[in-house]
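Quick note: numbers below take in every heavy atom, side chains included, and nothing from hydrogens, waters or symmetry partners.
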Amino acid sequence: LGGRAVASHTQAVLFPSDVCLGVNTQPGAGGQGVEVLVAAIRPDEEPADLATVNVTLERRTYSYYVRRFHSHHQSNWADWYEPVETRTVTLQNGRGSTAFEPHGYGHFRVRVHSDQTPQFSTQSFYAYGGRCSLIAAAQPSLITVRLDKAEYEPGDEAVVRVEAPFDGHGLVVVQSQ
């Protein structure tokens, strides 16, 4: 295996789809529940041509189990989000809002999604006693690609880190001539 010299390089801003969805949360009126603010924009930062989006409240659920061996026990768990309620939110100029009052306590998230785009956004929070505490607020940004060093020689191994402010899957293609 040989390498080819890199003749040039470029930087590009990539969008996951033609419609980008965003979500933000804040404490609800009187400190109760959570207010959900949603946005739908195009890559040129103009409002997207969507009339509505769906906002789903999801509860984090755990399944615990213990494997029993003759010499020891091995505990493990799996977690996932179960939908609690889905609402259709009307957008005006690419923006809309709704509010949820999660019952009980635990980890929740709100997910904004639409059939018009494969992209969605989530925001997690912890609910207790009717109040909500934001968890790991997302920074409003685009995908960031970071390399482990500034220059490479033919045959070098590159470590690439792709950071995105939303959940989902990605496909990375490396192409040469």
Side-chain angles (χ1 to χ4, degrees), residues 13-67 74-146 161-172:
V13 177
L14 303 174
F15 291 90
S17 67
D18 291 336
V19 175
C20 300
L21 301 177
V23 63
N24 191 14
T25 56
Q26 59 190 31
Q32 298 295 306
V34 62
E35 183 179 3
V36 181
L37 308 169
V38 299
I41 63 169
R42 297 187 315 243
D44 64 1
E45 299 180 9
E46 292 297 318
D49 298 327
L50 288 179
T52 62
V53 294
N54 295 316
V55 178
T56 302
L57 175 66
E58 301 171 328
R59 174 188 287 274
R60 191 172 188 184
T61 305
Y62 296 91
S63 174
Y64 298 95
Y65 60 91
V66 177
R67 291 182 63 190
Q74 180 183 33
S75 60
N76 208 338
W77 67 90
D79 66 327
W80 65 93
Y81 284 92
E82 286 185 355
V84 175
E85 180 181 355
T86 299
R87 294 183 182 165
T88 300
V89 176
T90 302
L91 299 179
Q92 291 182 324
N93 202 24
R95 295 180 181 198
S97 66
T98 188
F100 290 102
E101 290 191 23
H103 299 290
Y105 66 93
H107 289 95
F108 291 85
R109 77 177 178 189
V110 289
R111 182 169 56 97
V112 58
H113 52 100
S114 171
D115 294 337
Q116 304 290 321
T117 177
Q119 191 250 330
F120 61 91
S121 292
T122 62
Q123 178 67 64
S124 299
F125 61 94
Y126 186 79
Y128 57 96
R131 299 193 180 278
C132 298
S133 175
L134 193 61
I135 298 174
Q139 297 297 317
S141 61
L142 302 175
I143 293 174
T144 303
V145 179
R146 298 186 191 278
R161 179 179 171 153
V162 178
E163 300 171 357
F166 44 82
D167 295 337
H169 300 281
L171 174 67
V172 176

Trainee: Output the distance between atom CG (D79) and atom OG1 (T61), rounded to the nearest 0.5 Å.
Mentor: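 Between atom CG of D79 and atom OG1 of T61 there are 9.0 Å.
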Trainee: For N76, is the CG atom crowded, meaning more than 12 foreign heavy atoms sit under 6.0 Å from it?
Mentor: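 More than 12 heavy atoms, drawn from other residues, nucleotides or ligands, come within 6.0 Å of this atom.
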Trainee: Using the ring of each side chain (for Trp, its six-membered ring), is F125 parallel, tilted or perpendicular to F108, with breaks at 30° and 60°?
Mentor: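 Taking F108 first and then F125, their aromatic rings lie parallel (interplane angle under 30°).
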Trainee: Under a 3.5 Å distance rule, please check whether T25 uses its side chain to pair with a backbone N or O of E35 as donor and acceptor.
Mentor: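 Absent.
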Trainee: Can you confirm whether more than 12 heavy atoms, excluding those of D115, are under 6.0 Å from its CG atom?
Mentor: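 No, not enclosed.
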Trainee: So, S124 and H107: side-chain donor and acceptor under 3.5 Å apart, yes or no?
Mentor: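 Distance-only check fails for S124 and H107.
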Trainee: Ignoring hydrogens, what is the shortest heavy-atom contact between Q119 and S17? Give both atom names and the distance.
Mentor: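 For Q119 and S17, the tightest heavy-atom pair comes out as CB-OG, 3.7 Å.
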Trainee: Would you say L50 and L21 make side-chain contact, with heavy atoms under 4.5 Å?
Mentor: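 Counting from C-beta outward, L50 and L21 do come under 4.5 Å.
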Trainee: Should the heavy atoms of other residues, nucleotides or ligands under 6.0 Å from CD of Q74 be counted, would the total exceed 12?
Mentor: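 Enclosed: over 12 neighbouring heavy atoms sit under 6.0 Å from CD of Q74.
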Trainee: Enter the distance from T98:OG1 to N54:CG here, rounded to the nearest 0.5 Å.
Mentor: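 Going from the OG1 atom of T98 to the CG atom of N54 covers 11.5 Å.
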Trainee: Any carboxylate oxygen within less than 4.0 angstrom of a Lys/Arg side-chain nitrogen, looking at E85 and R87?
Mentor: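 Answer for the salt bridge query: yes.
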Trainee: So how far is it from I41 CD1 to R95 CZ, rounded to the nearest 0.5 Å?
Mentor: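 It comes to 10.0 Å.
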Trainee: Quick one, C132 and P102 - any side-chain contact, counting heavy atoms below 4.5 Å?
Mentor: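 Counting from C-beta outward, C132 and P102 do come under 4.5 Å.
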Trainee: As a quick check of understanding, evaluate side-chain contact (heavy atoms from CB on, under 4.5 Å) for E58 and R111, giving each step before the final call.
Mentor: CA-CA 8 Å; E58 301 171 328; R111 182 169 56 97; 3.0 Å; yes
Trainee: Does the pair E82/R59 count as a salt bridge with the N-to-O cut at 4.0 Å?
Mentor: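 Judged by the 4.0 Å cut-off on N to carboxylate O distance, E82 and R59 do not form a salt bridge.
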Trainee: Taking atom types as modelled, is there a side-chain donor on Y62 or R60 under 3.5 Å from an acceptor on the other?
Mentor: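 Result is yes, a qualifying pair exists.
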Trainee: Please find the pair of heavy atoms, one from L37 and one from Q26, that lie closest to each other, and give the distance.
Mentor: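 That closest heavy-atom pairing would be CD1-OE1, 3.9 Å.
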Trainee: Taking the side chain as every heavy atom from C-beta outward, state whether L91 and V38 have any pair of such atoms under 4.5 Å apart.
Mentor: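 They are in side-chain contact.
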Trainee: Within the 3.5 Å criterion, strictly below it, is a donor on T52 or T88 matched to an acceptor on the partner's side chain?
Mentor: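 No pair is found: no donor N or O on one side chain lies under 3.5 Å from an acceptor on the other.
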Trainee: To the nearest 0.5 angstrom, please state how far the OG1 atom of T122 sits from the OH atom of Y81.
Mentor: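 Atom-to-atom, T122:OG1 and Y81:OH are 7.5 Å apart.
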Trainee: Any side-chain heavy atom of F100 sitting closer than 4.5 Å to one from V36?
Mentor: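 F100 reaches V36 side chain to side chain.
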Trainee: Given the rule in the side-chain contact (heavy atoms from CB on, under 4.5 Å) test, do F120 and S114 qualify, once you have shown the distances and angles that lead to the verdict?
Mentor: CA-CA 7 Å; F120 61 91; S114 171; over 6 Å; no
Trainee: Evaluate whether atom CH2 of W77 has more than 12 neighbouring non-hydrogen atoms of other residues, nucleotides or ligands under 6.0 angstrom away.
Mentor: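 Open: at most 12 neighbouring heavy atoms sit under 6.0 Å from CH2 of W77.
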Trainee: If every non-hydrogen atom of P83 is compared with every non-hydrogen atom of T56, which pair is closest and at what distance?
Mentor: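 Closest pair (atom of P83, atom of T56, distance): CB-CG2, 4.1 Å.
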Trainee: Closest approach of V19 and A40, non-hydrogen atoms and distance?
Mentor: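 V19 and A40 have their closest heavy atoms at CG1-CB, 4.5 Å.
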